[in-house]
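So that the names make sense, note that chain A is the first sequence line, chain B the second, and so on, each numbered from 1.
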Amino acid sequence: MNEYDAHAIEKKWQSVWEAEQTFHVDNPAPGTAPDDEHFYMLEMLPYPSGSLHMGHVLNYTLGDVVTHFKRRNGCKVLRPMGFDSFGLPAENAAIKDGGHPLEITERNMEAIRVQMRLMGWAIDWQREVSAHEPTYYRWTQWLFLKFFEHGLAYRKAAPVNWCPNDQTVLSNEHVVDGRCWRCGFVVETRNMEQWFFKITAYADQLLDDLETIDWPERTKKIQRQHIGRSEGAEVLFRIEELDRDVAVFTTRPDTLFGATFFVVAPESPLVQALAGGDEEVLTYASIAAARPTEERATREKSGVFTGHYATNPVNGEKLPVWIADYVLMEYGTGAIMAVPAHDERDLEFAKQYDLPVRAVIDEHGRLVGSGEFDGLPWREAIPRIVTWLSGRGRAKPAINYRLRDWSFSRQRYWGCPIPIVYCPEHGAVGVPEDQLPVLLPEVEDYRPKGKPPLASNLDFINTTCPKCGGPAQREADTMDTFVDSSWYFLRYTDPHNEHAPFDRAIADFWMPIDQYIGGIDHAKGHLLYSRFFVKAMNDYDMLGVREPFARLFHQGWVKLAGKRMSKSQGGVSPNELIDRFGADAIRIYILFQGPADQDIDWTPDGIDATVRFIRRLWRVVHEAAARPPSPEGVDTPLARKAHETIARVTDDVDRRFVFNTPIAAVMELVNELSKAPDDPAARFAAETAVSVLQPWTPHVAEELWGVLGHDSRLWEAAWPVADETMLQRETIELVLQVNGKVRDRVRVPAGLPQDELVAHARASEKVRAHLNGEEGRVIVVPDKLVNIVI
RNA sequence: GCCGAAGUGGCGGAACUGGCAGACGCGCCGGACUCAAAAUCCGGUUCCCUUCGGGGAGUGUGGGUUCGAUUCCCACCUUCGGCACCA
């Protein structure tokens with residue numbers, strides 16, 4: 001017997017897999033109908049800003065176990081990999097240390113590919129795609145144009161996060177506590193022309209279709225909250241002096257009689273008319289509108305009275321009109337009726353400016369001071385008041401969403417160019433399809449200077465209008481990288497297609513993704529954007545499904561000293577661990593820590609133990625290999641343990657989706673085997689251990705499979721099936737309780753009738769000692785326990 | 001503040017449907033092998049009491065339901081996430 005040599009074994013099998021392209025899967029022949037035997041396994045693709053960290057190791061090892069498990073259960077498994085290779089970190093690294101974002105990105109990608117191969121992950125590398133390659137972003141641009149044609153991509157002026165130091169717009173994710181995540185400067189709100197995707201058009205579908213997918217409930221909740229549908233009414237208030245009706249949105253029309261003032265957002269177009277040249281009002285509005293995000297988060301309210309009054313349609317009362325910063329222009333109509341008695345924010349403002357408070361709902365939840373509606377429970381009053389007002393043309397039912405359209409233009413370099421040309425005559429014109437891709441040009445300086453880096457390359461910017469041929473200018477903004485990752489899973493199905501982003505029949509064969517694995521931090525971003533993209537593509541007949549990810553799982557964070565491991569915060573190097581312990585040991589170790597959806601506090605304690613376990617397995621299997629083959633259907637306690645192990649591992653992966661307890665189950669089997677080396681089932685037990693552990697430790701399992709005399713490949717061997725009859729116990733340990741306390745245990749044949757179980761209980765000396773001669777009441781759980789209560 | 005998840009030995013965790021709490025592993029203790037060490041193997045390891053037979057307590061805290069609760073219900077505490085002027 002040789003010593004276990006992780007590196008030699010891992011290198012050996014990795015070369016075989018690479019040479020044989022073991023994990024490549026072909027697309028179906030044209031006309032093949034989707035079947036149950038195909039399985040699309042996907043983990044979120046990495047962002048190549050450095051090398052992989054332990055969080056990735058957990059994520060991809062999880063996916064790898066599922067991949068092997070499904071393959072061996074007869075599925076044709078698609079398990080591709082790619083790179084989310086556009087984005088700020090590469091650009092920032094280029095600015096900081098010199099070099100080109102492309103070189104930095106590709107260097108990182110190569111380092112990651114090496115790591116992935118060293119980990120032995122079963123990936124179909126022939127389908128690799130990268131967001132920054134023209135063959136990929138050509139189709140990102142094509143999709144953008146498709147959306148643009150349908151009005152789903154559009155331009156508008158909107159308030160955006162602006163970092164005055166970095167001179168760029170920031171996405172919401174890059175604003176942390178009102179400050180720029182990179183330089184720490186307080187972020188301002190600026191009104192700028194931006195590109196948007198009209199994701200709000202799909203708000204209801206994005207909400208309703210959550211019912212159709214198998215996702216963690218907490219993730220659905222985050223999305224529901226983010227979409228934030230709320231039902232209510234739009235009510236018209238009249239401002240007589242301006243001769244205007246102003247609509248407000250409210251979810252509580254039942255409180256209309258309690259309105260005591262009226263508030264308009266500082267950014268509202270009404271402000272000019274309301275101010276009527278009043279300097280104080282205008283000054284307040286402009287300052288309040290430009291308030292930094294950080295300050296808004298303090299929730300301190302301010303406002304100014306405009307001198308105007310709005311008429312409450314329910315009772316004709318004149319309400320003073322204020323402009324205040326706690327009313328948001330982006331939500332509802334940008335104006336509210338204020339009911340301080342029944343709204344916390346209005347109350348806070350009313351107290352601050354000494355405005356009246358009038359309660360219109362009593363302690364029983366019934367309306368008071370509300371004219372003909374007095375006495376109604378407030379829930380019933382809502383539709384009554386809306387109906388009454390709409391009869392007079394002053395209200396209508398309305399629905400509002402918190403969800404905003406997705407702002408995706410970025411004033412930075414390393415991203416997908418937006419294929420748009422601005423013509424003085426024709427406005428924003430899409431670049432014709434046959435001119436795609438619009439290649440990302442070279443620039444002299446990536447530094448943001450208040451305008452996008454692409455704007456400085458005049459050869460790029462100056463072009464002609466596709467419609468009239470006149471002089472025109474290209475769009476200089478690039479796309480948010482979340483656009484790239486909103487459809488990559490479709491490109492994997494048909495990665496080399498030169499005529500379309502993907503072939504619909506092929507995509508329909510593989511889609512939806514049967515199992516998606518990634519961090520919950522993408523709940524409101526990537527996971528929502530991708531759902532939106534798929535719905536739109538389905539509407540344009542490009543795709544048969546309406547949801548991309550049928551089943552979703554979030555792995556936990558791997559934390560170091562309480563902090564999430566990430567590239568920016570450093571962490572543990574997987575390479576060093578592979579070097580010291582081997583990939584199989586790392587794979588077992590990271591999954592043995594606990595349930596995969598729970599966070600792991602990183603500690604290297606115990607990695608030695610996984611190596612020890614593999615060595616033990618190595619030794620025990622070699623010993624068993626020297627034994628004669630186990631007879632078919634051999635029935636010994638060890639054989640039964642092996643069948644039990646098969647059943648446990650299968651159930652854990654297939655039904656429970658847990659990956660730590662199967663390792664414990666195999667450890668138990670190996671322990672039993674090492675205690676009974678001469679058992680006729682020894683060889684069967686060894687084969688079982690190696691076979692079911694294979695998804696966790698594919699290299700050493702393959703090697704040991706050979707040691708056990710197999711010429712076949714374990715990675716393509718059928719998953720073992722437990723013999724049901726071997727799982728039945730012949731005897732059980734009957735627990736005997738008195739008053740719920742365990743007093744004795746006896747081994748009895750399984751399946752005894754209740755009265756015999758009770759007889760066993762009454763026969764026990766230890767039970768009798770606690771009965772004090774009483775009969776007691778008896779509770780029997782067949783094949784488990786007898787409890788006598790006195 | 002609102003919403004959600006989680007609290008089990010010295011540590012990571014197990015106990016899936018209300019039925020033996022602590023599987024498996026780490027660590028620690030003791031032993032075997034060895035001139036010695038490493039490696040390996042064997043045994044022990046929730047806490048308290050014990051006349052060594054056993055007895056008592058115990059799954060964040062306090063209550064409840066039940067013959068029986070880590071598991072179900074109520075309240076609270078702690079930790080970690082999400083949202084945070086969304087009318």
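Within the cation-pi definition used here (under 6.0 Å to the ring centroid, within 45° of the axis), A:Lys301 does not qualify as a partner of A:Phe349.
The residue among A:Ala665 and A:Thr661 whose nearest nucleotide of RNA chain B is located toward the 5' end is A:Thr661. Nearest-nucleotide positions on RNA chain B for A:Arg745 and A:Lys766 put A:Arg745 closer to the 5' end.
In this structure, B:C2 and B:G82 make a Watson-Crick or G-U wobble pair, each of the two defining distances being under 3.5 angstrom. Taking a pair to require two hydrogen-bonding distances under 3.5 Å in either a Watson-Crick or a G-U wobble arrangement, B:A32 pairs with B:U40. B:U70 makes up no base pair with any nucleotide shown, lacking Watson-Crick or G-U wobble contacts both under 3.5 Å. Searching all strands for a Watson-Crick or G-U wobble partner of B:U51 with both distances below 3.5 Å returns nothing. Nucleotide B:A15 forms a pair with no other nucleotide shown, judged by Watson-Crick or G-U wobble geometry with both contacts under 3.5 Å.
Checked against A:Val57 for a side-chain contact (heavy atoms from CB on, under 4.5 Å), the options A:Leu577, A:Leu591, A:Ile586 give a single hit: A:Ile586.
Within the 4.5 Å cutoff, no side-chain heavy atoms of A:Gln754 are placed close to those of A:Val778.
Among the heavy atoms of the strands lying under 4.0 Å from A:Arg616 are primed sugar atoms or P, OP1, OP2 only; no base atom is included.
The distance from the CG atom of A:Leu617 to the NE2 atom of A:His622 is 10.0 Å, given to the nearest 0.5 Å.
Comparing the P positions of B:G10 and B:A23 gives an interatomic distance of 14 Å, to the nearest angstrom.
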